[in-house]
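One structure is given below, encoded as structure tokens.
A quick note: this is a predicted structure, and the numbers were derived from the prediction, not measured. We use all heavy atoms of the structure for the numbers below, so side chains are in, but hydrogens, waters and symmetry mates are not.
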Amino acid sequence: MVRCFAIALALTTAACSATSDTRPETADYVIQAILVPACGRGGCHTEDTQPHGLAFDTIANAKTALATRDRGRQMVIAGDPDNSELVTVLVDTRSPMPPDQPLADADIDLIARWIAAGADGL
């Protein structure tokens with residue numbers, strides 16, 4: 001229930017803020033500007049560490065990770081942010097990712113909009 005509420009909140013916020021956020025809703029942008037610096041830094045999801053078998057330290061590694069399953073769920077389901085594990089872990093209030101500094105709402109909103117629009121570039 002918390003997950004559904006958090007995702008709905010993220011998408012509602014996204015709809016309201018979509019006009020002010022002019023960043024591109026593309027895989028390359030989301031990966032390079034958000035996921036690589038937030039998730040792929042040392043000690044997190046790197047090629048060397050790969051928690052859950054996921055690395056986000058390069059665009060190529062991140063695209064591979066986003067196309068896989070984690071904990072039995074698809075990381076990105078084009079057109080369906082509610083069922084995409086990436087959004088789930090980002091909005092999980094009990095254990096958000098990244099754990100030391102969760103992503104800004106605007107970044108989560110952009111990711112949700114990118115997935116909702118078809119996850120261009122995966």
Side-chain angles (χ1 to χ4, degrees):
M1 180 67 139
V2 171
R3 182 180 142 280
C4 292
F5 175 74
I7 292 171
L9 179 62
L11 291 175
T12 302
T13 305
C16 295
S17 66
T19 56
S20 62
D21 189 347
T22 60
R23 298 177 295 172
E25 297 171 3
T26 64
D28 286 344
Y29 185 83
V30 165
I31 291 167
Q32 189 170 19
I34 301 170
L35 299 179
V36 169
C39 308
R41 61 189 190 275
C44 293
H45 290 276
T46 68
E47 189 168 355
D48 294 331
T49 60
Q50 293 194 33
H52 298 279
L54 304 171
F56 291 98
D57 54 344
T58 67
I59 291 175
N61 285 345
K63 283 186 176 183
T64 298
L66 294 173
T68 64
R69 297 178 69 81
D70 181 38
R71 301 174 214 176
R73 296 194 53 211
Q74 189 67 34
M75 287 299 292
V76 171
I77 301 171
D80 191 359
D82 289 340
N83 289 304
S84 295
E85 184 67 6
L86 177 62
V87 175
T88 300
V89 300
L90 295 175
V91 300
D92 183 353
T93 57
R94 293 166 292 143
S95 180
M97 287 287 137
D100 58 340
Q101 185 175 357
L103 289 182
D105 289 342
D107 290 340
I108 296 170
D109 294 344
L110 177 63
I111 291 168
R113 289 195 320 269
W114 164 66
I115 293 170
D120 172 59
L122 277 190

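- Applying the side-chain hydrogen bond (donor to acceptor under 3.5 Å, both in side chains) criterion to T64, with sequence neighbours excluded, gives no partner residue.
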Let me see the working for N83 and Q74 under side-chain contact (heavy atoms from CB on, under 4.5 Å), right down to the final yes or no.
CA-CA 8 Å; N83 289 304; Q74 189 67 34; over 6 Å; no
Only distances under 3.5 Å count here; give the side-chain donor-acceptor pairs of residues 114-122 to other protein atoms, sequence neighbours excluded, each with its distance to 0.1 Å.
residue	atom	partner	partner atom	Å
W114	NE1	D120	O	2.9

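- Summarising the geometry, atom CD belonging to E47 is positioned 6.0 Å from atom CG belonging to D57; distances are rounded to the nearest 0.5 Å.
- The two residues P99 and P102 come nearest to each other via the heavy atoms O-CD, 4.3 Å.
- For the pair T46 (side chain) and T49 (backbone), a donor-acceptor distance under 3.5 Å is present.
- Interatomic distance, CG of L90 versus CG of D92, reported as 10.0 Å (0.5 Å rounding).
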Throw together a table of side-chain donor-acceptor distances under 3.5 angstrom for residues 28-45, partners on residues two or more places apart or in other chains.
residue	atom	partner	partner atom	Å
D28	OD1	K63	NZ	3.1
R41	NH1	A38	O	2.1
R41	NH2	D100	OD1	2.7
R41	NH2	D100	OD2	2.7
H45	ND1	P51	O	3.4
H45	ND1	L54	O	3.0

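- Atoms CD and NE2, on E85 and H52 in that order, are 9.0 Å from each other to the nearest 0.5 Å.
- Counting only heavy atoms from C-beta outward, the side chains of D21 and L110 approach each other to under 4.5 Å.
- Considering only residues two or more places apart in sequence or on other chains, D107 meets the salt bridge (Lys or Arg N to Asp or Glu O under 4.0 Å) condition with R23.
- In the hydrophobic cluster analysis, where Ile, Leu, Val, Met, Phe, Trp and Tyr join through side-chain heavy atoms closer than 4.5 angstrom, M75 is grouped apart from I77.
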